[in-house]
Amino acid sequence: MKPFTFLYFILSAVLYLVALPLLVYLSFKQKYRESIPSRFFLFNNPRFKNGNGIWFHVCSLGEVRALKPLLELLKDQDIKITAITHTGHAEARRYNAEVRYLPYEMFVPFWARGQKILIVLEAEFWFMLFTVMRAKETRIILLNARISEKSAKKYLQFAWFYKKLLSNVEIIYAQSEADKNRFLALGAKNIEVIGNIKLAGKIEKTKEYKKPEVELIVAGSTHDGEEESVLKSFIEYRKQSDAKLAVVPRHPERFEAVFELMKKYADKNSLTLSRFSQDKEFKTDMVLVDAMGELNNIYAISDIVILGGAFREDVGGHNPLEPAYFRCKIITGKHFFHQKELFRYVHHVQYVESDEIHKALMRCKELPPSMVEEKINLEPVISRILKN
């Protein structure tokens with residue numbers, strides 16, 4: 001083990017010991033009950049059964065779903081997937097693949113088996129993972145690679161570190177020219193711009209629901225603080241236009257809190273409220289969608305989508321391709337830095353602050369539906385992955 005790698009390993013072990021009480025505490029919370037014991041204590045998280053496979057590492061749900069068109073082209077290969085979040089891990093289990101949580105860096109040298117290739121999506125830059133796998137003669141590719149404008153300055157402060165990390169990478173497939181330039185500034189080499197692989201994904205609904213006779217507004221993938229802005233705007237909008245509202249929180253552990261907030265607004269304004277898990281016909285004025293995997297099905301019968309994650313400065317937005325595919329009129333916030341490349345492909349989107357949602361709803365009557373025009377070719381990526 002090289003001196004810097006050994007020092008980094010010792011530092012990761014020290015940080016682990018310092019954080020141990022917090023990790024134990026968080027492991028009892030519903031959101032982390034599976035992921036933290038698996039990642040930080042290797043509970044129910046064994047090594048892959050064998051080596052010489054194609055290993056994809058992703059962070060969460062969106063990146064796992066983005067793998068689908070790639071995996072369809074690699075259906076006869078030995079596929080392995082690691083994820084960070086519980087939702088990502090659960091989605092990955094739907095594929096024909098060995099699925100694990102990626103352990104904390106301190107465990108990687110003892111846990112990871114050498115594979116034919118490791119493909120890391122987006123911005124999952126783990127020093128021990130890259131270094132250990134390269135030492136095991138595993139080829140490493142960065143796919144859908146990005147560095148947001150917001151993160152670039154922080155990365156540049158440690159350019160020497162990222163140059164060392166990225167020296168292990170065979171090729172970087174960047175989302176945009178801007179991402180390519182940021183990687184070049186960090187000392188990376190062999191970078192190609194191919195666009196966002198999420199453009200290759202097949203967007204489809206899995207169930208048919210009856211469209212309400214009035215306008216249906218969906219607040220999709222919302223975060224704490226965003227629902228209240230949506231509810232206030234919806235109440236104002238109802239004064240001029242008959243409509244129904246469906247709220248789909250991003251994280252299932254927030255279902256109860258969001259339902260209580262919606263109940264407060266429903267009672268105050270004499271509106272009816274229901275839960276999607278109990279009634280899927282959108283008969284009430286407002287509906288809490290307390291179920292996973294239903295967003296596309298609901299987008300398919302919606303008129304307007306208020307896309308969450310971009311009304312707060314710390315989230316970075318969510319994927320606009322799905323509501324655009326179903327020709328919804330999209331309203332979102334201005335803080336979509338993690339999805340900037342995807343929004344570049346989507347036309348007719350309103351970008352507003354949270355206190356401007358009502359005005360945006362009123363403008364929707366005059367605007368065309370959102371749409372996506374661009375596509376992406378995955379063949380060069382598949383050829384590189386399968387190269388001997």
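What you see is a predicted model; the values in this text were computed from it and never measured.
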Cluster question for you: counting only ILVMFWY and a side-chain heavy-atom cut-off of under 4.5 Å, with indirect links fine, are M262 and F311 together? yes

Does the side chain of E281 come under 3.5 Å of the side chain of Y209 through a donor N or O and an acceptor N or O? no

Can we say R275 and E256 salt-bridge, meaning some charged N sits less than 4.0 Å from an Asp/Glu carboxylate O? yes

May I ask you to decide whether R39 forms a salt bridge with E34, counting only side-chain N to carboxylate O separations under 4.0 Å? no

State, without any angle test, whether N297 and T206 hold a side-chain donor-acceptor pair at a distance under 3.5 Å. yes

May I ask you to check whether Y351 and F343 place their ring centers less than 6.0 Å from one another? yes

Residue pair Y32, F40: steps toward the ring pair (Phe, Tyr, Trp, His ring centres under 6.0 Å) verdict: CA-CA 11 Å; Y32 305 110; F40 293 92; 9.7 Å; no

Hey, would you say the Y104 and W126 ring centroids sit under 6.0 Å apart? no

Validate the cation-pi geometry between K244 and F282: distance from NZ or CZ to the six-membered ring centre under 6.0 Å, angle to the ring axis within 45°. no

Carboxylate-amine/guanidinium contact E294 K207, below 4.0 Å: yes

Kindly indicate, with the supporting measurements, whether the criterion salt bridge (Lys or Arg N to Asp or Glu O under 4.0 Å) is fulfilled by E72 and K202. CA-CA 11 Å; E72 288 175 349; K202 186 178 180 182; over 6 Å; no

Establish, for the pair K280 and F276, whether the NZ or CZ atom is under 6.0 angstrom from the six-membered ring centre and no further than 45 degrees off its axis. yes

Ignoring hydrogens and geometry beyond distance, is a side-chain donor-acceptor pair present between R146 and H338 at under 3.5 Å? yes

Side chains of Y16 and E105: do they bring a donor and an acceptor to under 3.5 Å? no

I'd like to know whether E98 forms a salt bridge (Lys or Arg N to Asp or Glu O under 4.0 Å) with R113, so could you lay out the CA-CA distance, the side-chain angles of the two residues, the decisive distance to 0.1 Å, and finally the verdict. CA-CA 13 Å; E98 269 192 273; R113 289 185 187 276; over 6 Å; no

Between S35 and S38, do the side chains contain a donor N or O and an acceptor N or O under 3.5 Å apart? no

Under 3.5 Å, is there a donor on one side chain and an acceptor on the other for N144 and N196? yes

Quiz question: by atom type and distance under 3.5 Å, do the side chains of H86 and H251 form a donor-acceptor pair? no

Scan side-chain atoms only and decide if S60 and T85 contain a donor-acceptor pair under the 3.5 Å cut-off. no

Would you kindly say whether Y345 and E341 are connected by a side-chain donor-acceptor distance under 3.5 Å? yes

Examine distances only and state if a side-chain atom of K334 and a backbone atom of E353 form a donor-acceptor pair shorter than 3.5 Å. no

Using a strict threshold of under 4.0 Å (side-chain N to carboxylate O), is an ion pair present between D267 and K263? yes

With a 4.5 Å cut-off on side-chain heavy atoms, are S302 and F326 touching? no

Would the W160 and F4 ring centres measure less than 6.0 Å apart? yes

